[in-house]
Structures are given as structure tokens and as C-alpha cells.
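Quick caveat: nothing in here was measured; it's all calculated off a predicted structure.
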Amino acid sequence: MNNTRKIFSMVLAMILALSLLVAGCGGAEKKPEAPKKAEAPKTQKLKIALVLPSTVDDMAWAQSMYEALKKMQSQSKDGIELAVSERMGKPVDAGAAIRQYATQGFDIIIAHGAQYQSVVKEIAPEFPKITFAYGTGFQSGPNIFAYDPQAQEGAYVMGILAAKMSKSKIVGIVGPVEAGDAIKYNKGFMMGVAAAGGDVKTRIAYTGSFNEIVKAGEIAKTHMDAGADFLTGSSQQAVGAIKAVAGKPGTYWLSTDMDQSMVAPDSVLASQVYNWEKVLTKILDLRKKGTVGGQHLTLSFADGMLELKYNPKLEGKIPQEAKAAVEKAKKDIAAGTLKIELPK
């Protein structure tokens, strides 16, 4: 019996010693892991759709807006998803594209043309959380921004430039249709020519469309055959007229929408440039603050959304007196002391 007790005591002592050894080797009690930081939700890309009457490389109205959006896309911190529909000259086709973008959940839909006003006003009320924008226009809506270049301002100063420099005393305008910023531009140009004095005559003809590139070239040739040595005009068809002017040395083109000197470096003397980035930035900022539409946004010299750019290659050909008159008019327009009131 005593031996059994002795053996039991020895076994118990060994078990106790072993347990203490295991406890010592196991180390200190593990500290609870710190909770992982919750990952911030990824910012959803802003989805913008652009509907164009022509193409993204038309060297005019459509390309100027497209390039502004592409630049903003490359600089965006949160990211912008951009979709583009080209050659939507017919409002019915544009309407189908606009509605499709709206049903796909795009945040902003830009219908870049005065001809889209009706379809935008028809579709926008069905999608109150989506921002719609169109121009040239002035009629806004609860979720519609209308952007409106004051094309007559740049046209006016370029009318002065043409009148001051014309040797033949005849200048020509190649117009698309009598609507939108085209009509404002043409009237502003004629007012500038008249203000400069010198008995310079202005001839104007319209193609009847924004896309008649060949016909625009033909009208430009007709103007030049009649003696015009300075020509101008707006819309995507202007490229046809510029190329016609480029074929006649000593004749110059004054452009609008964007800097078109790359089309004819030896013929495009100056350009009125629309700063679409500032307009788009304003729309995005307003939307972030909860304003999805309801405003008429103008582009002018005063707010820096219109710019006058001289072709560096040809700027030296401009007489100082002509340039001084242009710069004074531009400064006065920006200051509000000279208002270009269009005839009704």
C-alpha cells in the first residue's frame, strides 16, 4: 500500500511539474488583435455623356467641347467615365441617344447644340436627378443648364480687326443657319466692321446647315471672287471655307469656337475661343452642392470664358493701330463699358 501511494505521489508531482513547464514555454497571454480599419468606400466615377451634331475631330464646335471634357477626365481625382455619340445632326436621333444615356444612369448628359433644346426639355422631367445641359441656349429647367456663348463679343472685335486690315474693303461671312450662336456671331461681326469705319462692305451667305463643308467652301470662293480678302464664319462646316481661303495667298480667315490655326497656319489670323472647361467646372461644382440645373450660364470676356487668340505665326502682320483698337474694344467689353447689343 505504501509503495502504491509513493508511486501515485511521484506521478502527481511529475504531472504538476510538466504542466508548469508547458505554461512557462507557452509565453504570455496573447493580446487581442486591434480591430482593422474599415476601408473607405471607393468613390464612384462621375458618368458624363456627350451628344454631338458632328464629330470629335471637326476642328470646330464639337471638337472644342470634346477636348475640354477629355482634359477634365485626365485631371479628375475621382475619375470620369465619358461616353460620346457623334453625328447626331437630327434631333430625333439625338433624342434617342439622350434617353438611352438617361436610362443607363448617367449623371450628366450634355447635348451640344441649339437644335437639341426641344428634346432635352421633353426628356429631362422624366429623370429629375440627372443633370442635362445644352447650348447655345437660354431656356433652363429644374435639372437643365443652358449654356450661352456671347459669340457677338469676340465677333465684334474681329470685325474691327478685319475692317482695319482689309485692303479690298470687302469682307465675307460664311454662315450655317440663322440660329444659335451663329447668328449672334454674324451680327456681332458686322457691328464691329461698321464700328471700325472706313466704308468696308460685309457680304454674307448661308449654307442652310451646320454640316455643309463643301458648300461652305464654295461660298468662301464666291466671296473671294467678289473681292473679299477677310472671311469668317462659324460651326463645323467652317473647315471647308478655311481650306478654300488657304488656297489664296493674302486672304485671311478669322475663326470662332476654337483656335483653328492648325487647319491653315498661314491663313487663320485670329480666333475666338470658347473656354468650355470653366463652364463644365461650374456645372460640376453646382451639382456637388445639390443644384442639378435651373441656370442660364453665359460665356463672355468678362468672366474669362471667352478668349481672343492671335496666330503667333501671323500676329506680326497685324498693324499696331489695328491691334490697339481690338484690344481696347475687348477691354471695354469685359469692363462693361461697351455692350454689344444685338438688333432684335
Side-chain angles (χ1 to χ4, degrees), residues 51-66 86-94 111-118 134-137 149 151-152 154-155 158-159 162 170-193 201-248 251-264 267-272 274 342-343:
V51 177
L52 297 172
S54 59
T55 62
V56 298
D57 58 355
D58 68 355
M59 295 290 184
W61 174 256
Q63 183 172 338
S64 63
M65 176 60 83
Y66 174 73
E86 303 176 79
R87 302 183 188 277
M88 296 284 124
K90 296 179 180 178
V92 64
D93 295 333
H112 194 47
Q115 63 268 52
Y116 303 143
Q117 176 180 296
S118 296
Y134 81 98
T136 298
Q152 68 274 15
M158 287 199 288
I170 300 173
V171 299
I173 299 175
V174 181
V177 297
E178 295 185 78
D181 69 321
I183 190 64
K184 291 195 292 185
Y185 180 83
N186 295 345
K187 289 184 177 180
F189 186 85
M190 289 187 283
M191 291 169 66
V193 170
K201 295 179 180 179
T202 304
R203 301 180 184 277
I204 185 168
Y206 290 91
T207 65
S209 170
F210 291 100
N211 300 301
E212 295 285 350
I213 294 176
V214 174
K215 195 170 183 179
E218 292 172 351
I219 290 176
K221 289 176 182 176
T222 300
H223 280 321
M224 291 186 289
D225 288 343
D229 57 356
F230 271 82
L231 285 85
T232 192
S234 59
S235 82
Q236 52 270 26
Q237 70 177 17
V239 175
I242 294 172
K243 290 180 178 178
V245 170
K248 190 167 184 180
T251 303
Y252 297 101
W253 179 268
L254 300 168
S255 71
T256 187
D257 296 354
M258 66 181 293
D259 182 358
Q260 295 176 320
S261 59
M262 75 284 285
V263 180
S267 302
V268 178
L269 183 65
S271 303
Q272 173 176 236
Y274 296 159
L342 295 174

So side chain to side chain donor-acceptor pair (under 3.5 Å) across residues 209-227, not counting sequence neighbours, yields Asn211-Gln236

Nearest heavy-atom contact between Thr256 and Ser234 is CG2-CB, 3.5 Å

Q) Looking at side-chain heavy atoms only, is the closest gap between Phe189 and Ile204 below 4.5 Å? A) no

Hits for side chain to side chain contact (heavy atoms under 4.5 Å, CB included) against Ser261, two or more places apart or cross-chain, chain-then-number order -> Asp259, Val268, Asn311

Fill in: Beyond-backbone contact of Leu269 with Leu254, side-chain heavy atoms, under 4.5 angstrom
yes

Applied to residues 173-193, the side chain to side chain donor-acceptor pair (under 3.5 Å) test, sequence neighbours excluded, yields Asp148-Lys184, Asp181-Tyr274, Tyr185-Thr232, Asn186-Tyr206

One should read off an interatomic distance between Gln152 CD and Ile183 CD1, to the nearest 0.5 angstrom, of 11.0 Å

Any heavy-atom pair between the side chains of Leu342 and Met191 that's under 4.5 Å?
yes

Taking every heavy atom of Ile219 against every heavy atom of Ala205, the minimum-distance pair comes out as CG2-CB, 3.7 Å

Between Met65 and His112 the two heavy atoms that sit nearest each other are CB-NE2, 3.4 Å

key: Trp61 side chain vs Ser54 backbone, donor-acceptor pair below 3.5 Å   = no

Between Ala216 and Ala241 the two heavy atoms that sit nearest each other are O-CB, 3.8 Å

Rounded to the nearest 0.5 Å, the CG atom of Leu52 sits from the CZ atom of Arg87 at a distance of 11.0 Å

Separation between CD1 (Ile213) and CG (Asp58), nearest 0.5 Å, reads 8.0 Å

Fill in: Flag, side chain of Gln237 to backbone of Gly217, donor-acceptor distance under 3.5 Å
no

CE (Met158) and OG (Ser255) are apart, to the nearest 0.5 Å, by 6.0 Å

Between Pro53 and Gln115 the two heavy atoms that sit nearest each other are CB-NE2, 3.5 Å

In terms of heavy-atom contacts, Ala228 and Gly172 come closest through CB-N, 4.0 Å

